[in-house]
Amino acid sequence: MARHLITSAIPYINGIKHLGNLIGSQLPADLYARYQRARGNEVLFLCATDEHGTPAELAALAANVPVVEYCREMHKVQSELADAFGLSFDFFGRSSSPQNHKLTQHFAGRLHAAGLIYEVTESQIYSVTDNRFLPDRYIAGICPACGYERARGDQCENCTKQLNPTDLINPRSAISGSTDIAMRETKHLYLRQSALKEQLDQWIDEQTDWPILTTSIAKKWLHDGNGLQDRGITRDLDWGIPVKRGAKAWPGMEDKVFYVWFDAPIEYIACAQEWVDSGEGENWKRWWRLDEGADDVRYTQFMGKDNVPFHTLSFPATLIGSGEPWKRVDYIKSFNYLNYDGGQFSTSEGRGVFMDQALALLPADNWRWWLLSNCPENSDSEFTWESFQTGVNKDLADVLGNFVSRITKFCQSKFGNKIPDGGSYGPVENEVISELALRLANYEAAMEGLEIRKSAQELRAIWAVGNEYLQKVAPWVTIRDNPTQAAVQVRLALNLIPLYAILSEPFIPNASKMLLSAMKAPTPTWPIDLDTALKALKPGHVFEVNGPLFSKISDEQRDLWQEQFAGGREST
RNA sequence: GGCGUGGUAGCUCAGUUGGUGAGAGCGCCGGAUUCAUAACCCGGAGGUCGGCGGUUCAAGUCCGCCCCACGCUACCA
């Protein structure tokens, strides 16, 4: 039995995520985790909220609650939405957990001992009014190049010119608008990533099977300009993990916290500890420590392309630099962006559909199916209401839902609510089974290879086989003069339903459950031998005939939703 | 500016290491069918594979230049 460690990039705490965030890491990670579990493999699937950093502090400020409380509430909200979307995390942790505090400080101590951390005194912009140092993008002012009045300290959004905060004319705090800002000296810790460049470079070169998107981003950072740059790993904030060397104080760094990007990936490990400490799991080290049983683990990470540098370089640098035998990632699956109706999804502008809104409209499986079967694997892809409507109606309602509906109803009217008896599978049935075997192999290969769109296509083709078979043998005709033959045909078709349930479970877990419950069938194991699997429901086995598995999206609904979501979300 | 990723049928996209007349889904047209959520099934039309040039017996696939879209560019995360 293979062992799979799977992590999704951890979503930031400051609000409810939109569908672009969802398909960019959590949902494909869930697909893979469910698939590997279904194949009988041992899986540890982890995710968490990423809670530190300036935006969290500001969001809490805006909500007028202490940041600790804000994060606790938002973690709960995100956790509930994850459940509602069927994200099957073994544990959904928090980067602010005590476990992560301790582990992050541990890594810092190890890196310091290895000579990989040094102190830098630098000048940064400080807002007296806000009583805080300001990250570049939280400084606003007039662009020296184009005169745009709301240029940010890192870049002018109007002319796209790269800027330094000191370039801005009439700089002011983007938080309060105050112009009472000044340069102040502050001391920070830097991680000497440059010292690990050769090791990282070699490691990336070894990953010949990774997506081009992943390796090209990593190589760019390794080789651009002067090569991999050292990176500041501390910040002047209140909310975060206090800077320490292991359990010991770090002289001169008493008021600092670690940079969110330093502690966030470490949470992947700490999350496994949280899983154990919560009582849900045991022995996290056999997943994470090569010296304690993790040597046979295959570790797959899922993330949006913006996360790639941290996962290919900074985090591995932390692990390598520690000198300890931590499990490192075996495969990184990265995603492009899902756009919304001609533009980007945007959390700050409330543009697009957010997870809570999506579930208020339709069941999770509808979203899961469309998002996964259109996931932005090779390039950015586009959500339109029309495409969503078509995907849901054709694939789920017409192909899968209608298949179940037509055969169960037909059986009910001719044979009653039980699997009909008599006859046995003949050449036509064997042909169907052979075709399914072929398609199943394709489906499995696509899933193993993490080709998500392709696996969705293969699954859809498997669903279509049922309709093709019915169309070909036409039991509604057969039954007129050969009821036994019709019984055989109906029996095979009904046996496809539990098969479809198990094969479709990674994509549409709730519908899968409904199928099994309608057939009154226990959860089948992944089919090894289709001939056997398609005889699982014996003659006489009783089932239920339910209403439609998926209802369709009408043109009126589509137009209404399109209209409704055109204006953007009301800010909360 | 630098780097990256894309530009293939009306739309959304597949197209392994260059090799029989370029594919899928949707849409459209036609046919068949009536068990079913006016669903399903079969067939068809439709593309000078962004442009120009080159390598080759042979290029959507390799090379060069150009055009277009999007993304990243290290203190947002």
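These numbers were taken from a predicted model, which means no experiment stands behind them. Proteins come first, then strands; the chains are lettered A, B, ... in the order of their sequence lines, and each starts at number 1.
One interatomic measurement links the two molecules: CH2 of A:Trp261 to P of B:A77, which rounds to 10 Å at whole-angstrom precision. Look at OH on A:Tyr340: it is 19 Å from P on B:C70, rounded to the nearest Å. Spacing between atom OH of A:Tyr138 and atom P of B:C75 amounts to 14 Å, rounded to whole angstrom units. Atom CD1 in A:Ile125 sits roughly 13 Å away from atom P in B:C76 (whole-Å rounding). In this structure, A:Asp136 places its CG atom 12 Å from P of B:U73, rounding to the nearest Å.
Residues A:Leu494 and A:Cys411 approach most closely at CD1-SG, 3.7 Å, considering heavy atoms.
Considering A:His188, A:Glu119, A:Lys187 as possible partners of A:Thr234, the one that fulfils the side-chain hydrogen bond (donor to acceptor under 3.5 Å, both in side chains) test is A:His188.
Under the 6.0 Å distance and 45° angle rule, A:Lys305 counts as a cation-pi partner of A:Tyr337.
Residue contacts shown for A:Glu122 include a base, since a base heavy atom lies under 4.0 Å away. Base engagement by A:Gly227 is indicated by at least one non-hydrogen atom pair under 4.0 Å involving a base atom.
Comparing the same atom, C1', in B:C67 and in B:A74 gives a spacing of 30 Å after rounding to whole Å. Comparing the P positions of B:C49 and B:C11 gives an interatomic distance of 15 Å, to the nearest angstrom. B:C66 and B:A24 have their C1' atoms separated by 32 Å, with the value rounded to a whole Å. Taking atom P in both B:G23 and B:C65, the straight-line distance is 33 Å, to the nearest Å. Comparing the same atom, P, in B:G43 and in B:A32 gives a spacing of 15 Å after rounding to whole Å. B:G47 and B:U12 have their C1' atoms separated by 16 Å, given to the nearest Å. When the P atom is used for both B:G18 and B:G64, the distance is 16 Å, rounded to whole Å. Taking the P atoms as reference points, B:G27 lies 22 Å from B:A36, given to the whole Å.
At the phosphate of B:C76, OP1 or OP2 sits under 4.0 Å from a side-chain N or O atom of A:Arg137. Phosphate proximity of B:C26 to A:Arg460: present, with a side-chain N or O under 4.0 Å from OP1 or OP2. Contact between the side-chain N/O atoms of A:Lys409 and the OP1/OP2 oxygens of B:U37 is found at a separation under 4.0 Å. Between A:Lys394 and B:C40 there is a side-chain N or O to OP1 or OP2 distance below 4.0 Å.
Set against B:A77, B:A74, B:A39, the side chain of A:Asp306 has B:A77 as its closest nucleotide. Here B:C35 is the nucleotide among B:C75, B:C35, B:A36 with the atom lying nearest to any side-chain atom of A:Trp476.
Between A:Phe415 and A:Phe410, the ring planes are perpendicular. Angles over 60° get that label, and only those under 30° would be called parallel. A:Phe302 and A:Phe335 have parallel rings, their planes meeting at less than 30° on a 0 to 90° scale where 60° marks the start of perpendicular. Aromatic ring pairs are classed by plane angle as parallel below 30°, tilted from 30° to 60° and perpendicular above 60°; the pair A:Trp369 and A:Trp463 is tilted. Taking the six-membered ring for Trp and thresholds of 30 and 60 degrees, A:Phe345 and A:His18 have nearly parallel ring planes, at less than 30 degrees apart.
In this model, no side-chain donor or acceptor of A:Glu468 finds a partner on the base of B:C41 within 3.5 Å. Within 3.5 Å, no donor on the side chain of A:Asn402 pairs with an acceptor on the base of B:A39, nor the reverse.
Between A:Phe410 and B:C35, no base-stacking contact is recorded for ring centres under 5.5 Å apart and planes less than 30° from parallel.
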If you restrict it to nitrogen or oxygen atoms, what contacts under 3.5 Å exist between nucleotides 62-64 of chain B and the protein, and what is each distance?
none

Could you spell out the base pairing of RNA chain B in dot-bracket, with Watson-Crick or G-U pairs whose two distances are under 3.5 Å, [ ] crossing and | to another strand?
(((((((..((((.....[...)))).((((.........)))).....(((((..]....))))))))))))....
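Note that OG1 of A:Thr318 and CG of A:Leu111 are 5.5 Å apart. Values are rounded to the nearest 0.5 Å.
Between the side chain of A:Ser95 and the main chain of A:Glu51, a donor-acceptor pair closer than 3.5 Å is present.
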